Amino acid sequence: MEDNKDYERDEIFTKRVKAGKRTYFFDVKATRSNDYYLTITESKRKIKDDNFYYEKHKIFLYKEDFGKFVEALQEAVGHVKNDLMPDFDFSQFDAEAETTESTNENTDKFGEDLKWD
């Protein structure tokens, strides 16, 4: 019974982003000592022997690295948008962002901290 309590408390927030054959999951989880961390999972749908399976890759991101991670991600995305593809219209992808799903009411509040431009 004790294990079930820890499991229920483990996942605090999740955001799913569908992208073609890939799905990205951003999950906020809690440790036993009520500390928080983020897992970023890429899940790709694959076919093997006429059956589907999912290949997953996961990154664990700890609170002390949030700022550095977001800064580096913004810098990398900005480099692609501003230096490598300055004439490309990235706004065509904005409508797709509306189709993402969340299991937390505070999705907008969380997203305010992560600005890509």
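This one's a predicted model, so the numbers in the text were calculated from it and none came from an experiment.
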For this session: Begin with the C-alpha distance, continue with both residues' side-chain angles, and end with the deciding distance and a verdict on side chain to side chain contact (heavy atoms under 4.5 Å, CB included) for Phe25 and Thr39.
Result: CA-CA 8 Å; Phe25 297 92; Thr39 62; over 6 Å; no
Exercise. Given the rule in the ring-ring contact (aromatic ring centres under 6.0 Å, His included) test, do Phe88 and Phe90 qualify, once you have shown the distances and angles that lead to the verdict?
Worked result: CA-CA 6 Å; Phe88 187 81; Phe90 286 92; 4.8 Å; yes
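Residue Lys21 qualifies as open at atom NZ: its count of foreign heavy atoms under 6.0 Å is 12 or below.
Remark: Phe52 pairs with Arg45, Ile47 by the side-chain contact (heavy atoms from CB on, under 4.5 Å) rule, at least two apart or across chains.
Here the CZ-CD1 distance, from Phe26 to Ile59, works out to 9.0 Å after rounding to the nearest 0.5 Å. Lys29 contributes atom NZ, which lies 10.0 Å from atom CG of Leu38 (distance to the nearest 0.5 angstrom). The distance from atom CD1 of Ile40 to atom OH of Tyr24, rounded to the nearest 0.5 Å, is 11.0 Å.
Applying the side chain to side chain donor-acceptor pair (under 3.5 Å) rule to pairs touching residues 50-66 yields Asp35-Lys63, Glu42-His57, Asp65-Lys68, sequence neighbours excluded. Applying the salt bridge (Lys or Arg N to Asp or Glu O under 4.0 Å) test to every pair with at least one member in residues 83-93, sequence neighbours left out, gives no pairs at all.
Looking at every heavy atom in both residues, Leu61 comes nearest to Phe66 through O-CE2, 3.4 Å.
For the residue pair Ser43 / Thr41, no side-chain donor-acceptor distance below 3.5 Å is found, with atom types taken as modelled.
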